[in-house]
Amino acid sequence: MKIGVLVSEGPYTHQASDTAYNFVKAALDKGHEIFRVFFYHDGVNNATRLTEPPRDDRNIVNRWSELAKEHKLDLVVCIAAAQRRGIMDENEAKRQGKDAHNIAEGFRISGLGQLVEAGIQCDRLVTFGD
Amino acid sequence: MKIGVLVSEGPYTHQASDTAYNFVKAALDKGHEIFRVFFYHDGVNNATRLTEPPRDDRNIVNRWSELAKEHKLDLVVCIAAAQRRGIMDENEAKRQGKDAHNIAEGFRISGLGQLVEAGIQCDRLVTFGD
Amino acid sequence: MSDEMMEEDGVIKKFMFVNRKAPYGTIYALEGLEVVLISAAFEQDVSLAFVDDGVFELKKGQDTKALGQKNFSPTYRALEGYDIEKLYVERESMEARGLSEEDLLVDVQVVSAAEMADLMAEQDVVISF
Amino acid sequence: MSDEMMEEDGVIKKFMFVNRKAPYGTIYALEGLEVVLISAAFEQDVSLAFVDDGVFELKKGQDTKALGQKNFSPTYRALEGYDIEKLYVERESMEARGLSEEDLLVDVQVVSAAEMADLMAEQDVVISF
Amino acid sequence: MLHIVNKSPFERNSLESCLRLAKQGSAVLLIEDGVYGAAQGSSVEAKVQGAMANVKVYALDADLQARGMANKVLDGVTVVDYGGFVDLVAEHSNLQSWL
Amino acid sequence: MLHIVNKSPFERNSLESCLRLAKQGSAVLLIEDGVYGAAQGSSVEAKVQGAMANVKVYALDADLQARGMANKVLDGVTVVDYGGFVDLVAEHSNLQSWL
């Protein structure tokens, strides 16, 4: 089955990203296709490579990056939500005149249309939030 | 009167940072001293210079930076909370081996002790959160 | 986006956006509305449900000057221009909040909890804010 | 930090940390505990209140293996070593959640809502998580 | 003591908990989505009005106005601006935010 | 239809709203802090038990265990792991998260 996932909260503060991750792993294990993971609202904060959690804690961002690499996941960060919250890739940073960018490996920035498209294309769209 | 402020949520997603800002401005207008504004939990996300909100919206980060400059406010970001969420100054980025930093002007990174100290030193400590 | 893909597929799904949060206290109502506006471009069968504190999004007379945030409530009135015309308000939620239809800034269909339950159950995609 | 400043002042204030959130669903309980631990270094008069879902922080038998988060509940038992010994649980909150003292992983004082109200009112600094 | 409540009483339990644990004579300031607790005709009206026998209730004007609720405020609730918020903080020797 | 509830029924209104708007025969999955709604002996037990006449209630094992609630689950609630969560999503033709 083709499944889309929407993550609406950032890492650590709410459990949403953890649950989404565990759900996606289980879905892949069962042979489902993860069409896209879309990060909206504070969910865009899952896509910064600048986090450095305590050593005895999970690294939520790296976990997503690694899962994306392993399974060729499409991790999409909403551009409008990202701009509000300070998530930038190199292109966006240049375009906005910012002197730094912070996006983590495996994430790409795109428009909200990617979420609606996931709703259209997928058999199911599952939201994880606050 | 000496007032301390604790901001526990990031910009835009919750109203906490807006209310804290309006409260601090009103307190300064009335001649009170703002001893410190401490950013904890997702509140650390108020301290990134990479945000680019829509042009017709307020710029929450810049507003704090400007108020700090004008009134010599002490804006302190909790180091442990900042590491979890990807807020870095130049020193921290170096120490953690990160290739970028994102802290905005007027904010400094320090320990949680600064919050407890604010509780001890201030006549009042007001928390804004979710 | 993928207009070609849509044309190829010609899929029209029933999308419902469920609004359960008050405006301004959190950003969910505003950013939810942004999804609704984008969805219009995809020519799907879109409806909006206002349940619980989501009803407050439609309260007349919002004035955000003293708050310093943007008043986005006029956008609900603009939805018609995007061919988004199915706005449902749950009567139980509205009445528990001391509101009546005259308090709302846009024409809506006020439905009972049971009717809202039916509407939700017949959707293909439900996104909640 | 500012040990000198504290010695100069010699101020001892009554600090209460009010825990109202369940663990794991959000980070507030964990990051709240980090403030509590730091506060021990300042030799203040510290107490912890567990109200509403905060009572769940003290539930025995937490096992986070399948969740992939760290189980931080043993830290509540370590608070004694930091000379933080005033842990108050509101009886009404505990009972509404189907819990009794035997369900809690650390010794606490169970107090009524009225007693908790008195305790809160006599604090100098209340920080809520 | 000043109690600050920032959540809608229809969505969360914080106003209820605050009113349970606020001592007679304390003040309750409703801000952000908390101002909905000051509205006339709602399902929490009776509870808030009952509480006003014991505590003084305030609501933040900017939040009422933003939400279109300024003309629906219960009798007995005092509306304050941000300056009034600061004054309430200064006037009470301690305070608590019900997060 | 599958309804997913992730908030404590003592803190928020989402379980209550879900049960009000879930049609007979639908499934309700409790995850994250939502699993507290599956507990025995609480003030919401009667409401959840009443609802089980109309809807099937599930709770996520990892969340129950993390919170020390695995041995307090109401009779009639089906405990599932993440794989079971995926199966529930696949088995129901539509779903809703009560955020």
With side chain to side chain contact (heavy atoms under 4.5 Å, CB included) as the test, would you mind laying out the steps for Val80(E) and Leu29(E) before giving the verdict? CA-CA 9 Å; Val80(E) 296; Leu29(E) 171 62; 3.9 Å; yes
At what distance, to the nearest 0.5 angstrom, does OH of Tyr58(E) lie from CG of Leu30(E)? 11.5 Å
Would Glu16(E) and Val44(E) satisfy side chain to side chain contact (heavy atoms under 4.5 Å, CB included), going step by step from the backbone distance to the final call? CA-CA 9 Å; Glu16(E) 193 173 327; Val44(E) 302; over 6 Å; no
If you count heavy-atom pairs under 4.5 Å between each of Gln40(E), Glu11(E), Lys7(E) and chain C, which one has the most? Glu11(E)
Give me the atom names and distance for the closest heavy-atom approach of Gln24(E) to Asn54(E). OE1-OD1, 3.2 Å
Sorted by number, residues from residues 95-103 of chain C in contact with chain E (heavy atoms, under 4.5 Å): Glu95(C), Ala96(C), Arg97(C), Gly98(C), Leu99(C), Asp103(C)
Is it the backbone or the side chain of Asp63(E) that comes under 4.5 Å from a heavy atom of chain C, or both, or neither? both
Taking atom CG of Asn13(E) and atom SG of Cys18(E), what is their separation to the nearest 0.5 Å? 11.0 Å
Taking it one step at a time, do Leu15(E) and Val48(E) satisfy side chain to side chain contact (heavy atoms under 4.5 Å, CB included)? CA-CA 9 Å; Leu15(E) 178 61; Val48(E) 173; 4.0 Å; yes
Checking an interface table here. Which of residues 112-129 of chain C come within a heavy-atom distance under 4.5 Å of chain E? none
Phe56(C) side, atom CZ; Phe10(E) side, atom CZ - distance, nearest 0.5 Å: 4.5 Å
Got a donor-acceptor contact below 3.5 angstrom from the Gln65(E) side chain to the Ala70(E) backbone? no
Based on non-hydrogen pairs under 4.5 Å, which of Glu32(E), Glu45(E), Arg67(E) is most in contact with chain C? Arg67(E)
Nearest-0.5 Å distance, CH2 of residue Trp98(E) to CD of residue Gln96(E): 4.5 Å
So do Val55(E) and Val57(E) actually touch side chain to side chain, heavy atoms under 4.5 Å? yes
Atom of Ile38(C), atom of Phe42(C) and distance for their closest heavy-atom approach: O-CD1, 3.5 Å
Heavy-atom nearest pair, Asp53(C) first then Ser8(E), reads OD2-OG, 2.5 Å
Out of Ala66(E), Gly34(E), Gly68(E), which one racks up the most heavy-atom pairs below 4.5 Å with chain C? Ala66(E)
Check: residues 29-36 of chain C side-chain donor-acceptor pairs under 3.5 Å, at least two apart:
{"from": "Glu31(C)", "atom 1": "OE1", "to": "His41(A)", "atom 2": "ND1", "distance (Å)": "2.7"}
{"from": "Glu31(C)", "atom 1": "OE1", "to": "Arg85(A)", "atom 2": "NH2", "distance (Å)": "3.0"}
{"from": "Glu31(C)", "atom 1": "OE2", "to": "Arg84(A)", "atom 2": "NH1", "distance (Å)": "2.9"}
{"from": "Glu31(C)", "atom 1": "OE2", "to": "Arg85(A)", "atom 2": "NH1", "distance (Å)": "2.9"}
{"from": "Glu31(C)", "atom 1": "OE2", "to": "Arg85(A)", "atom 2": "NH2", "distance (Å)": "3.3"}
{"from": "Glu34(C)", "atom 1": "OE2", "to": "Arg84(A)", "atom 2": "NH2", "distance (Å)": "3.1"}

Sub-4.5 Å heavy-atom contacts with chain E: which residues of residues 59-83 of chain C show up? Lys59(C), Lys60(C), Gly61(C), Gln62(C), Asp63(C), Thr64(C), Ala66(C), Leu67(C)
Contact summary for Val5(E) and Ser14(E), nearest pair of heavy atoms: CG1-OG, 4.0 Å
Carefully, step by step, assess Asp107(C) and Leu87(C) under the rule side chain to side chain contact (heavy atoms under 4.5 Å, CB included). CA-CA 8 Å; Asp107(C) 281 341; Leu87(C) 277 64; over 6 Å; no
